[in-house]
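First comes the structure, then the notes that go with it.
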Amino acid sequence: MTPGPPAASKAAEDVTASEGPGYPALRWRGIGALAVTLALIVGLALFVALMREGRTTLGGISAAWALTFAVTVAATAGWSLASVLLVAFVARRRVDDVLAGQVLTHWPLLAPVTLVVMAFVSDAVNHRLLQTDDLRWLWAVPIGVWVAGQVLWLPLSLDGLRLSPIRVVRDAISGLAGSRFARLTFGLIFVQFVALRLGLALLWRPIGLFERGSDVGAYEQRARLALQGLQPYLDYWVEYPPVFPWTASGLKLLSVPLGGDEAAFQVLFSLMMVGFEAGILWLIHAIAVRVWDEPRGLVAAAAYAALFYPIYIANRHFESIAVFFTLLGVHLVIAERRHTASLAIALGVLTKLFPAAVLPALLAGQSWTARTRYLGLAAAAVIGALAPLAVIGREFFVASIQNMLLRPGWETVWALADGYFGFGWIHRYRQSPDTALEFNYTPDLPAAAWWGTAAAVAALYTVLALRRSPPTPASVVWSTGLALAAFALYLRGWSPQFMVWLLPFALLAYPGGRGFLIATGLSVLALLEYPAYFVLWSEHPWVLWLLVVARTLAILALGAVFARRLWRGGRSSPAGPAPATSSAGA
């Protein structure tokens, strides 16, 4: 991503936009972009109508065919018009300039448009398109790219950003070829980190005294249903938000050419985790540089690269995906790219719930109009992803939500107080909505304790969100760290892998030896809980009491550090780089 037009150019556009009533609302570039957009939208509507209702002639159009066509045109054109006007209003840009930028996101629709034209001309193409899966990848991939482009374009445009993959690749090559790479720089740490993780992903199979298999095996077993055409939330319920279950189904389908067994799935899963872990490393460095300085940013990145626990977890669980979106949200808030941060937070929440901890930092120090806009974008992204699942697979959607909300606790003070000393239990059979509410024990703890704690966490989030002091890079990190610690303490159920949520923030709080020791201590606590406790000491409940209390106190202490720094005005070191400014958040 690269910054948008400089301030002078935007100012010139503002002046141009207000040159008087005689100036045309749309110049030729805007008219051309509008014509191309409408043509592609009509082509997409023809394709959807063809796929749903079949080929027809002008005189034989049925009511269902016409309704499908009209709804697709209205929905797509409505989205395009509303987003263009929103960007033009918020970013103070001419409508035709915004149209010219948005039309580039519609080019993937050329694939389905071409197919629909060929289907109306050729009986053979029409048959293959409607009766076989031979041509599915020719339209499914471009439409997926188009949807992703629409989702990304709006917040990026509101923040004055534009995607430039060519520039990213060019800068990466220049960095690797430069003489600075031979010295101790972040680039060297990054490449060594990725090389090590790639080797582990392709060649390492965990084995040891405590090895009992990982959750990847369970992910693969459920993802096998994709081979039968069954998808999460539509044909079976799951205990997670939808991003990862659908991703796992996609990985399973991709693993078929590689043999389709569990090992192929594990390799693809681990390779995906390498990408997210590399992103986490980059974000830790970038955030630490803004909060502190370049040397401490380098140390924080090196400390994360040296930690064992993230390596262990990345090959067993999918926590890294949500951690990445959490840190991405923090980084974008610091950079004053808050619209894009809203999307990052939404994607994180659709993976796991804890990235919502970035919301208070997103809203702090902003006007009510801006807060409404940021929350609206995040809510629209979440609802836009969940609504189709709720409509198409209502029973399994409701069952999934009920399981996440009503599942009794495990490995927390709440669970121990109820007398439960096991790990998180989930019913194995997912193809009946009824099993989502079958649990292995019934909690006795009063519901008031649970909801009272939830209210306290909500009150803390509200206080953090309504802070009026101007945000700084440090305050954004401390606010998110405090909100995340509060969320971790509030949880009714805790799995040891959740500790990776907090490790980056421990390193950002103490970018040096102390931070590495704190992160290592938290990792040891998690490893003592699993696998050590459940393999060696599961017959001694007092050991779990000791571990859970120690972990709770450690998270409480880390949250206290963030609270103290936040309320004392940031950090104890000399002032670092000033935060970027942008009119988009006004």
Side-chain angles (χ1 to χ4, degrees), residues 1 3-4 79 82-93 98 150-163 241 243 283 287 290 322 324-387 457-484 486-487 566 579-586:
M1 291 185 295
W79 154 259
S83 58
V84 164
L85 293 178
L86 180 62
V87 171
F89 175 77
V90 173
R92 299 178 182 274
R93 297 172 57 191
V98 180
Q150 300 309 299
V151 172
L152 286 172
W153 177 82
L154 180 59
L156 290 175
S157 298
L158 289 171
D159 283 333
L161 296 169
R162 62 178 180 268
L163 289 173
V243 164
L283 288 166
I287 294 170
R290 295 298 301 270
F324 169 79
F325 284 122
T326 301
L327 293 175
L328 180 61
V330 170
H331 175 66
L332 291 170
V333 170
I334 290 174
E336 287 294 339
R337 307 300 185 186
R338 294 176 184 261
H339 298 95
T340 315
S342 298
L343 177 60
I345 296 169
L347 290 172
V349 169
L350 288 167
T351 307
K352 285 265 186 156
L353 295 181
F354 72 85
V358 189
L359 283 174
L362 174 73
L363 304 178
Q366 305 302 300
S367 68
W368 284 104
T369 301
R371 286 169 176 161
T372 302
R373 194 164 61 243
Y374 303 144
L375 282 178
L377 282 172
V382 172
I383 294 172
L386 295 181
V457 173
L460 173 64
Y461 276 41
T462 302
V463 170
L464 293 175
L466 296 182
R467 293 178 72 243
R468 294 185 178 182
S469 55
T472 65
S475 70
V476 170
V477 174
W478 309 151
S479 173
T480 304
L482 175 57
L484 187 57
F487 182 83
L566 183 63
T581 58
S582 171
S583 60

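- Side-chain atoms of Phe325 and Val358, non-hydrogen and from C-beta on, never get closer than 4.5 Å to each other.
- Here the CG atom belonging to Leu363 is positioned 8.0 Å from the CG atom belonging to Leu466, to the nearest 0.5 angstrom.
- Between Arg338 and Pro471, the closest heavy-atom pair is NH2-CG, 3.3 Å.
- Here the straight-line distance linking atom CG of Leu152 with atom CG of Leu347 works out to 8.0 Å at 0.5 Å rounding.
- To the nearest 0.5 Å, atom CH2 of residue Trp478 and atom CG of residue Leu464 are 14.5 Å apart.
- Under the rule for a ring pair (Phe, Tyr, Trp, His ring centres under 6.0 Å), the partners of Phe324 that lie at least two apart in sequence or sit in another chain are Phe276.
- Taking every heavy atom of both residues into account, Leu460 and Ala486 meet most closely at CD2-CB, 3.6 Å.
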Evaluate Leu283 against Val330 for side-chain contact (heavy atoms from CB on, under 4.5 Å), listing each step before the verdict.
CA-CA 9 Å; Leu283 288 166; Val330 170; over 6 Å; no
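- Nearest heavy atom pair, residue Ala322 against residue Pro355, reads O-CG, 3.8 Å.
- With sequence neighbours left out, the ring pair (Phe, Tyr, Trp, His ring centres under 6.0 Å) criterion links Phe354 to Trp501.
- The two residues Ser479 and Pro360 make their nearest non-hydrogen contact at OG-CB, 4.1 Å.
- Distance check: Leu343 CG to Tyr374 OH gives 14.5 Å after rounding to the nearest 0.5 Å.
- Residues Val84 and Trp153 meet the side-chain proximity criterion, which asks for heavy atoms closer than 4.5 Å.
- Using a 4.5 Å heavy-atom threshold, the side chains of Ser157 and His339 count as separate.
- With sequence neighbours excluded, no residue forms a side-chain hydrogen bond (donor to acceptor under 3.5 Å, both in side chains) with Arg371.
- Of all non-hydrogen atoms in Leu377 and Ser342, the two that sit nearest each other are CB-CB, 4.1 Å.
- Checked against side-chain contact (heavy atoms from CB on, under 4.5 Å), Val243 has the following partners two or more places apart in sequence or in another chain: Thr247, Leu350, Thr351.
- If you take CG on Leu362 and CG on Leu332, they are separated by 10.0 Å, rounding to the nearest 0.5 Å.
- A distance of 9.0 Å separates CG of Asp159 from CD of Glu336, quoted to the nearest 0.5 Å.
- Residue pairs meeting the salt bridge (Lys or Arg N to Asp or Glu O under 4.0 Å) criterion with at least one partner in residues 342-366, sequence neighbours excluded, are Glu319-Lys352.
- With sequence neighbours left out, the side-chain contact (heavy atoms from CB on, under 4.5 Å) criterion links Ala356 to Val349, Leu359.
- The closest side-chain heavy-atom distance from Ile334 to Val477 is below 4.5 Å.
- For the pair Ala346 and Ala381, the tightest heavy-atom approach, listed with the atom from each and the gap, is CB-CB, 3.6 Å.
- At a threshold of 4.5 Å between non-hydrogen side-chain atoms, the residues Val476 and Arg290 do not count as touching.
- Side-chain contact between Leu154 and Trp79 is present, with at least one heavy-atom pair separated by less than 4.5 Å.
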